**Q** 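Before we start, here is the structure in question, set down as structure tokens.
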Amino acid sequence: MLGARLILRVRQGWRVARIVETEAYVAKDPASHAYRGRTERNRAMFAGPGTVYVYRIHQVHCVNLTTRPGQAVLLRAAEPLTPALGNTQGPGRLCRAFDLTRADDGVSAVTGPRLRIAPGPRPDETVVRTPRIGVTRGRTRRLRFLLSGNRWVSRGRSRRGRS
DNA sequence: GAAAAGATTACCT
DNA sequence: GGTAATCTTTTCC
């Protein structure tokens, strides 16, 4: 998913960004919102692949794409490719730049009219893995993926971690 | 029904 | 580097 395009259709045209940082939330993962099974909030994580799962934390939103039932990828940062796009560094800012809220929860990023994910060219940067940011459980696993050295990566700009 | 926790961010020192 | 803001969902009694 790193290097893929996130595309939002707006009245004036498009907003496009290149995904540069993600985190995986997998099966039997204590940090995952789906860890204790399906609930009202996480139902989008149990819908088909490519379903958008948006949740709110504190005063911001975060966006995920469902991969398999109960599993999803959090989009943490992107590189703006259209000038009108605001700051997309960090999951909350990314959602704000794309105007994503709970209203978008459950839509498809594959077939939906508003938000799409599309393949991009293979990134030049090296993919590195680190532990996930902000989680209190499941800290030992390296399930954060980022494009090494990219200026839009949310923190650390980590060149550490192994590819 | 109440309380706590949280996949964050902005602003402080 | 630390912490408050702020609110929804989940968890516990």
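Within every chain, numbering begins at 1; the chains are lettered A, B, ... in the order of the sequence lines, protein sequences first and strands thereafter. Note that the structure is predicted; figures quoted are calculated from it, not measured.
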**Q** Taking side chain as C-beta onward, heavy atoms only, is A:R141 less than 4.5 Å from A:R129?
**A** no
**Q** Atom NE2 of A:H61 and atom P of C:dT9: how far apart are they, to the nearest Å?
**A** 10 Å
**Q** Return the value, rounded to whole Å, for the distance between atom NE2 of A:H58 and atom P of B:dA4.
**A** 15 Å
**Q** Using the side-chain contact (heavy atoms from CB on, under 4.5 Å) definition, which of the options A:T101, A:V63, A:D104 pairs with A:C95?
**A** A:V63
**Q** In the strands shown, is B:dA7 matched to any nucleotide by a Watson-Crick or G-U wobble pair with both distances under 3.5 Å, and which?
**A** none
**Q** Between B:dA7, B:dT9, C:dT9, which one does the side chain of A:N64 approach most closely?
**A** B:dA7
**Q** Output the rounded distance in Å from CZ (A:R132) to P (B:dG6).
**A** 13 Å
**Q** What's the gap between B:dA2 and C:dT6 when it is taken at their P atoms, as a whole Å value?
**A** 23 Å
**Q** Whole-Å distance between C:dT11 C1' and A:E40 CD?
**A** 16 Å
**Q** What is the distance from NE2 of A:H33 to P of C:dT10, rounded to the nearest Å?
**A** 9 Å
**Q** Provide the Watson-Crick or G-U wobble partner of C:dT6, both distances under 3.5 Å; none if there is no partner.
**A** none
**Q** Identify whether a stacking contact exists between A:Y25 and B:dA7, where the ring centres must be under 5.5 Å apart and the planes under 30° apart.
**A** yes
**Q** Answer yes or no: does a side-chain N or O of A:R102 lie under 4.0 Å from OP1 or OP2 of C:dT9?
**A** yes
**Q** Whole angstrom is fine here: how far is it from CD1 in A:I57 over to P in C:dT8?
**A** 13 Å
**Q** Any side-chain donor-acceptor pair under 3.5 Å between A:T82 and A:R15?
**A** no
**Q** So does A:E23 reach the base of B:dA7 with its side chain, donor to acceptor, closer than 3.5 Å?
**A** no
**Q** Could you give the distance separating C:dC12 and B:dA7 at their C1' atoms, to the nearest angstrom?
**A** 23 Å
**Q** Measure from CZ on A:R36 to P on B:dA5 and round the result to the nearest Å.
**A** 13 Å
**Q** Rounding to an integer number of Å, can you tell me how far A:R56 CZ sits from C:dT10 P?
**A** 15 Å
**Q** When you get a sec, tell me which of C:dT6, C:dT9, B:dA7 is the closest nucleotide to the side chain of A:Q59?
**A** C:dT6
